[in-house]
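The shown structure was predicted, so the numbers you read here are calculated from the model rather than taken from an experiment. Start at 1 and go down the list; that is how both ligands and their atoms are numbered.
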Amino acid sequence: MPRLVILANRVPNPNERGTPRAGGLAVALEDVLTPGTVWLGWSGERAEATSTTPKIIEHAGITYAAIDLGEADYRAFYLGFSNGSLWPLLHLMPGLTTYNRGDYAGYRAVNRAFAEVLAALLAPDDFVWIHDYQMLTAAAELRAMGIQNRIGFFLHIPFAPPEILKILPPAKELLAALLACDVIGFQTETDRAEFLACIRAMLGIAPTTDGIVTLDGHTTQTVVTPIGIDAENFSRLAGRAVRRAETKRMMESLAGRALMIGVDRLDYTKGLPARFEAFSRFLATYPQHRRKLSFLQIAAPSRNEVGHYQDLRNELDHRTGAINGAYSDFDWTPLRYMTRTVSRTAIAGLYHMARIGLVTPLRDGMNLVAKEYVAAQSAADPGVLILSSFAGAAHALTEALVVNPFDVDAVAEAIHQALTMPDDERIARHAALAAKVQASTAAAYCTSFMSFLAPGAEGF
Ligand code: GDG
């Protein structure tokens, strides 16, 4: 019986399920996590040297295999090339992109180490599904070791056009390495088109009209399989969360005021400084709404050791002080800003009570917060989603108030529009959004990707 073998930067610890960090990829992949599946990744631990003997945990028939990263590899692979070079560049932020050859060598070495561990776990008819920008060269390493299995890769973040990608010195090498895969999946048609444009411009290969690329006799199919959430489950979670003590505390503290919510990792791609600026502009431009709306921004700390993330945190601390200093009243704080991770249930409850979900990344692969916000609303009295046109989610969620996050006046205007939207329009927009979120689920994502990776195979 062929198995699915997943390779991702992080491997979930099945013993830690339900903690605030749980979620993310483990939730999205739940439908393919059937008995027999193997999941390999980094344990999140650092050691003197990168281990090639994985720590194995068996849980519910699934094998979780985790390796520790050596300190130098962690710096080069994780902080350096993955999050200092690839993350900003693929989010079209060349000004924040750094590059050094040592980091790239470390990135390749860690991808090789993962490939070695994976090859040892692999049976000849297994399918391999590799995830995200930290693992761009793993498939090529597997092929170099003689692995013939079908290999799929899914990119969770956007892809860049050739003129941007070229900034990375090893760009061609990365593109060629990716073509070792049989299937490459993207969040949107735009991302796939950018990838194919890079293949054309930088490798001189002409893809077929249906996105198939051939290099040295090996063909790679490019596909679009947008990620989603388990909408039904999330709706139920939101319904239950309403009865929890923390939700009630929040409700009482609002004293009848409307709530606007933002939930993001503390990451510069999420557009938080511009969002705070837009909120400030909104308070200045629409004084009639002052004291009637509270904005809660939850910003879960992320990648603290990368310099730009520390700068971002300082900037947001400063802006929060400026907004609250200018507009607070004895009994009203306009902006509540929390830099810690909150439980998933609490988040679901907060979404549910929020009149506005403010999701304004400068660039985002998909953005699951937008989908979660929609799923958490009550159909009879739903809130309004304000969504950046630069989030992958905006390709489908067109009934949101779609804004350009760089245009702070437009975002301020959208907040006003959301607060004054007639009930029938609010309900109609939400119904259309909810239907899409319920159709494009996490399960649909898995089924769709597996139909390309393992066509005709049973049980995936
Ligand atoms: C990458 C791509 C793509 C956030 N704060 C807390 C918390 N969260 C949860 C949210 C949501 C998830 O984290 C964030 O997902 P996003 O999709 O919004 O963004 P990234 O983390 O950047 O994810 C992105 C995604 O991969 C999937 O392909 O959509 O474009 O960048 O689920 O609810 N969860 C908890 N506490 C928090 O404080 N429990």
Side-chain angles (χ1 to χ4, degrees), residues 8-10 12 16-30 82-83 86-88 90-93 129 131-135 153-159 185-188 190-191 224-231 233-234 237-238 241 246 261-272 296-303 309 336-352 354 357-376 385 387-388 390-397 437 440-442 444-446 448-449:
N9 177 49
R10 291 300 304 273
E16 281 176 9
R17 282 192 139 192
T19 59
R21 271 165 177 274
L25 200 54
V27 173
L29 296 183
E30 207 147 59
S82 294
N83 289 313
L86 289 172
W87 177 268
L90 292 177
H91 284 89
L92 309 195
M93 298 180 177
W129 187 357
H131 288 266
D132 227 0
Y133 65 103
Q134 301 93 346
M135 299 292 169
F153 174 90
F154 184 78
L155 184 69
H156 289 261
I157 67 174
F159 207 80
F186 298 91
Q187 301 271 28
T188 66
T190 308
D191 298 325
V224 177
T225 56
I227 198 163
I229 62 163
D230 182 345
N233 230 328
F234 201 82
L237 184 67
E246 55 205 335
I261 193 166
V263 176
D264 304 79
R265 276 186 310 99
L266 196 41
D267 192 296
Y268 50 79
T269 60
K270 303 295 180 183
L272 296 175
L296 170 66
Q297 175 64 53
I298 295 171
S302 178
R303 303 173 196 165
Y309 289 72
R336 305 179 189 191
Y337 173 53
M338 290 168 60
T339 49
R340 64 187 152 86
T341 307
V342 175
S343 80
R344 198 162 169 75
T345 317
I347 287 184
L350 292 167
Y351 286 145
H352 181 81
L358 190 55
V359 183
T360 55
L362 304 180
R363 197 105 211 154
D364 218 328
M366 177 54 60
N367 197 298
L368 296 178
V369 169
K371 298 191 174 188
E372 291 166 357
Y373 177 75
V374 170
L385 174 66
L387 178 61
S388 162
F390 301 119
H395 285 242
L397 301 185
V437 170
S440 178
T441 57
Y445 160 72
C446 290
S448 168
F449 191 85

Asks: State the atoms of ligand 1, each with its element, that fall below the 4.0 Å cut-off from a heavy-atom position in Ile347.
Replies: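 This gives 6 (C), 7 (C), 34 (N), 35 (C), 36 (N), 37 (C), 38 (O) as the contact atoms.
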Asks: Which bit of Thr341 gets closer than 4.0 Å to ligand 1, counting heavy atoms only: side chain, backbone, both or neither?
Replies: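 Both backbone and side chain.
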Asks: Is a side-chain donor or acceptor of His352 paired with a backbone partner of Ala348 at a separation under 3.5 angstrom?
Replies: no
Asks: Based purely on interatomic distance, does Asp264 place a nitrogen or oxygen under 3.5 Å from a nitrogen or oxygen of ligand 1?
Replies: no
Asks: Short list, please: which atoms of ligand 1 are under 4.0 Å from a heavy atom of Val369?
Replies: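 Under 4.0 Å from Val369, ligand 1 has these atoms: 10 (C), 18 (O).
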Asks: Should you measure from each heavy atom of Gln187, which atoms of ligand 1 turn up under 4.0 Å away?
Replies: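 The list of qualifying atoms is 3 (C), 28 (O).
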Asks: Quick check: Ile157 and ligand 1, any N/O pair under 3.5 Å apart?
Replies: no
Asks: What's the separation between atom CG in Leu272 and atom OH in Tyr337, rounded to the nearest 0.5 Å?
Replies: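 Here the rounded value is 7.0 Å.
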Asks: Heavy-atom contacts with Glu372 under 4.0 Å: which atoms of ligand 1 show up? List them by number with element.
Replies: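 Near Glu372, meaning under 4.0 Å from one of its heavy atoms, ligand 1 has 10 (C), 11 (C), 32 (O), 33 (O).
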Asks: Taking 4.0 Å as the limit for heavy-atom contacts, which would you say applies to Tyr351 with ligand 1: side chain only, backbone only, both, or neither?
Replies: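 Side chain only.
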Asks: Could you measure the distance from the CG atom of Leu387 to the CG atom of Leu397? Nearest 0.5 Å is fine.
Replies: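 Answer for the CG-CG pair, Leu387 versus Leu397, is 6.0 Å.
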Asks: State, yes or no, whether a side-chain contact exists between Ile229 and Val437 at a heavy-atom distance under 4.5 Å.
Replies: yes
Asks: Hey, is ligand 1 close enough to Ile298 that some N/O pair sits below 3.5 Å?
Replies: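 By distance alone, the answer is no.
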Asks: Atom 27 (C) of ligand 1: which of His156, His131, Arg344, Arg363 has the nearest heavy atom?
Replies: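 The option holding the nearest heavy atom is His156.
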Asks: Does only the side chain of Leu25 get under 4.0 Å from ligand 1, or the backbone, or both, or neither? Count heavy atoms.
Replies: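 Under 4.0 Å from ligand 1, Leu25 contributes no heavy atoms.
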Asks: How far does CZ of Phe234 sit from CG of Leu368, to the nearest 0.5 angstrom?
Replies: 10.0 Å
Asks: Which atoms of ligand 1 have any heavy atom of Ala300 under 4.0 Å away?
Replies: 5 (N), 38 (O)
Asks: What do you reckon, does Trp87 have a nitrogen or oxygen under 3.5 Å from a nitrogen or oxygen of ligand 1?
Replies: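 No, no N or O pair falls under 3.5 Å.
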Asks: Supply the atom-to-atom distance Ile227 CD1 to Met366 CE, rounded to the nearest 0.5 angstrom.
Replies: 8.0 Å
Asks: Side chain or backbone of Tyr133 under 4.0 Å from ligand 1, or both, or neither, by non-hydrogen atoms?
Replies: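 For Tyr133, there is no contact with ligand 1 at all, from either part.
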Asks: Does the side chain of Tyr309 come within less than 4.5 Å of Asp267's, by heavy atoms?
Replies: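 Yes, close enough: below the 4.5 Å cut-off.
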Asks: Any N or O on Val263 sitting closer than 3.5 Å to an N or O of ligand 1?
Replies: no
Asks: I need the Arg344 CZ to Leu237 CG distance, nearest 0.5 Å.
Replies: 7.0 Å
Asks: How about Gln187 and Phe154: do any of their side-chain heavy atoms sit closer than 4.5 Å?
Replies: yes
Asks: Would you mind listing which atoms of ligand 1 come within a distance below 4.0 Å of any non-hydrogen atom of Gly365?
Replies: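 Taking each heavy atom of Gly365 in turn, ligand 1 has 30 (O) under 4.0 Å.
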Asks: For ligand 1, which atoms, with element, lie under 4.0 Å from some heavy atom of Arg265?
Replies: 20 (P), 21 (O), 22 (O)
Asks: Only heavy atoms count here, so choose which of Asp132, Thr345, Asp364, Leu368 is nearest to atom 31 (O) of ligand 1.
Replies: Asp364
Asks: Establish, from distance only, whether the side-chain atoms of Gln134 and Asn83 form a donor-acceptor pair under 3.5 Å.
Replies: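 Looking only at side-chain atoms, Asn83 and Gln134 do not form any donor-acceptor pair under 3.5 Å.
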Asks: Quick one: pull up OG in Ser82 and CG in Asn9 and give me the separation to the nearest 0.5 Å.
Replies: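 So the gap between those two atoms works out to 6.5 Å.
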